[in-house]
Amino acid sequence: MDFDWDSLTFSFTATDTMYRNVVRAGEEWGEGELIPFGNIEISPAAGVLNYGQGIFEGMKAQRADDGNIVLFRSDKNAARFAQGAKRLGMPPVPESLFLDAVESVVKSNHRWVPPTGRGALYIRPVLWGSGAILGVAPAPEFTFMVYVCPVGPYFKGGMTPIKLKVSDEYHRAAPGGSGGVKAIGNYAPGMMPSKMAKVEGYAEIIYLDAVEHQYIEEVGAANFFCVKDNVIYTPDLTGTILPGITRASVMQIARDLGHEVREERVDVDMALDADEAFCAGTAAVISPIGSIEHGSKIAHYCNGEVGPVTRKLYDTLVDIQLKRADDRHGWIRTLEL
Ligand code: PLP
Ligand code: COI
């Protein structure tokens, strides 16, 4: 295809087709359909537009070294999507229906999957309360859609270590809220703080917990990790942190490589004192952190280079994802075109 893959960034590109499935409240999900990619019609009174009744997922299809198109742990996205639907009062999409929908959209748009190592086809499943409703209650109709976009690196420069700032002013999620699911409403409140940080030259902000303002939660839309004396630390899942699939995979890979991995509260002062730090997510993959600023304190990691543990974890993850390494945990699904 005549497309400049090397100029891809993490941004929107319209592709050929998308998937749509609509269900009335109280009914079972039916089959759904593939339709040309394009705008949709929706009531201005839709639950999603007025009250944010919606969730999304983020996944990637990649072209493996053997030329096949592969998905990474898509069953985990299906399960998280169902959890999120329940939390937001929506009918969960059966996991097999979710997976069939995702695979059909990827296959139908296979020409948009970038060549190996030059990007990925980002997959965006969404579930919205699409029916009109005035009272604050679940919508009478729900729409499940899947669309895809070819993407490049989430942070400029890919493996160039990023500069982050800890926010003392804003929080992403509070106990009992929706931080543990991919609710659409979790993201808009972060846009202004993130934009302000970018104006100041930071790539993103780090959120602390909303109760004690002392423990690291997440890096924008990615999970946080740090390495100290070869032990790997990541914040434990307290309900306010998104249970990232990349996070779970990094922990497994680190253990496979012989590291001790501790899932526990990560004090921001300890993180500033760590040897290496990185963030992890589907969009971010593993992005090394070069520095973190918190008030008057600043930590620089590895002289601005990618740390050895971060590098090893990144290489191992990507090798598994692109079928360069043995898929010992059965994480890869190869699509038959
Ligand atoms: N944290 C947040 C808030 C996210 O939106 C994401 C992206 O999905 C992640 C972490 C990383 O999760 P995953 O690795 O499943 O993509
Ligand atoms: C992802 O990593 O897939 C995300 O959802 C991050 C962001 C684009 C919201």
Side-chain angles (χ1 to χ4, degrees), residues 8-13 52 54-62 71-84 87 98 102 119-127 146-156 158 162 164 167 170-174 177-191 193-195 198 203-210 216-225 234-254 263 266 278-287 289 313-314 317-318 320-321 331:
L8 277 175
T9 57
F10 194 86
S11 55
F12 174 77
T13 304
I55 54 168
F56 69 94
E57 268 303 326
M59 314 159 67
K60 278 175 174 171
Q62 300 196 71
L71 296 176
F72 182 71
R73 307 192 79 178
S74 47
D75 54 322
K76 296 286 175 201
N77 296 91
R80 190 169 65 187
F81 201 62
Q83 285 298 319
R87 177 65 184 83
F98 176 95
V102 162
L121 188 69
Y122 188 75
I123 308 165
R124 180 48 68 81
V126 290
L127 173 63
V146 183
Y147 63 88
V148 290
C149 290
V151 297
Y154 187 65
F155 292 111
K156 258 187 243 153
I162 52 175
L164 299 176
S167 176
Y170 300 101
H171 292 289
R172 194 189 81 92
S178 61
V181 296
K182 276 180 85 78
I184 62 170
N186 291 346
Y187 294 81
M191 291 177 188
S194 167
K195 197 171 169 188
K198 283 176 187 159
E204 196 31 283
I205 58 175
I206 296 186
Y207 290 106
L208 297 182
D209 76 284
I216 292 188
E217 298 242 301
E218 300 204 49
V219 180
N223 294 113
F224 180 83
F225 284 82
T234 194
D236 53 348
L237 301 175
T238 52
T240 54
I241 293 170
L242 193 81
I245 294 158
T246 317
R247 173 187 178 279
S249 310
V250 167
M251 289 196 298
Q252 181 65 57
I253 290 170
E263 228 182 324
V266 176
F278 62 90
C279 61
T282 298
V285 195
I286 286 179
S287 295
I289 298 172
L313 291 169
Y314 173 86
L317 175 66
V318 171
I320 295 172
Q321 290 180 335
W331 288 345

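For ligands, and for the atoms within them, numbers begin at 1 and follow the listed sequence.
- Annotation for ligand 1: atoms under 4.0 Å from non-hydrogen atoms of E218 are 1 (N), 2 (C), 3 (C), 10 (C).
- Taking the side chain as every heavy atom from C-beta outward, L71 and I123 approach each other to under 4.5 Å.
- R80 contributes a side-chain N or O that, together with a main-chain N or O of P243, makes up a donor-acceptor pair within less than 3.5 Å.
- Protein heavy atom at the shortest distance from atom 8 (O) of ligand 1 is K182 NZ, 2.5 Å.
- Relative to atom 1 (C) of ligand 2, the option among F56, F10, Y122 with the closest non-hydrogen atom is Y122.
- Atoms CZ and CD, from R73 and Q321 in turn, are 10.5 Å apart once rounded to the nearest 0.5 Å.
- Panel note: side chain H171, backbone L208; a donor-acceptor pair is recorded below 3.5 Å.
- Ligand 1 lies less than 4.0 angstrom from a heavy atom belonging to R80.
- The residue from A280, S249, P243, A221 that puts a heavy atom closest to atom 9 (C) of ligand 1 is A221.
- If you check which protein heavy atom lies closest to atom 5 (O) of ligand 2, you get K182 NZ, 2.7 Å.
- Residue K76 does not touch ligand 1, judged by heavy-atom distances below 4.0 Å.
- Remark: N223 CG to E218 CD distance equals 5.0 Å, nearest 0.5 Å.
- For atom 6 (C) of ligand 2, the closest non-hydrogen atom on the protein side is A221 CB, 3.6 Å.
- Of the heavy atoms in E57, none comes closer than 4.0 Å to ligand 2.
- Of all the heavy atoms of A283, none lies under 4.0 Å from any atom of ligand 1, so neither backbone nor side chain is involved.
- Considering only non-hydrogen protein atoms, atom 2 (O) of ligand 2 sits nearest to A283 N, 2.9 Å.
- Considering backbone and side-chain N/O of G281, none are found under 3.5 Å from N/O of ligand 2.
- In terms of polar-atom proximity, R247 is not counted as a contact of ligand 1, lacking any N or O under 3.5 Å from an N or O of the ligand.
- Ring geometry for F12 against Y147 counts as perpendicular: the plane angle is over 60°, on a 0 to 90° scale with 30° as the lower cut.
- Judged by distance alone, the side chain of K60 and the main-chain N or O of T282 form a donor-acceptor pair under 3.5 Å.
- Under the 3.5 Å distance criterion, the side-chain polar atoms of R124 are left unmatched by any main-chain donor or acceptor of V146.
- Per-residue contacts place G244 under 4.0 angstrom from the following atoms of ligand 1 (heavy atoms of the residue considered): 12 (O), 13 (P), 14 (O), 15 (O).
- In this structure, the side chain of T234 engages the main chain of F224 through a donor-acceptor pair within 3.5 Å.
- Ranking the protein heavy atoms by distance from atom 14 (O) of ligand 1 puts T246 OG1, 2.6 Å first.
- Within a 6.0 Å sphere centred on NZ of K198, heavy atoms belonging to other residues, nucleotides or ligands number more than 12.
- Ligand 1 has an N or O atom lying under 3.5 Å from an N or O atom of I245, backbone or side chain.
- If you check which protein heavy atom lies closest to atom 5 (O) of ligand 1, you get Y187 OH, 2.5 Å.
- Here the straight-line distance linking atom CZ of R172 with atom OH of Y187 works out to 6.0 Å at 0.5 Å rounding.
- Looking at T282 against ligand 1, both its backbone and its side chain come within 4.0 Å, counting heavy atoms.
- Rounded to the nearest 0.5 Å, atoms OH (Y122) and CG (L8) are 14.5 Å apart.
- For ligand 1 and R172, the ligand atoms under 4.0 Å from any heavy atom of the residue are 3 (C).
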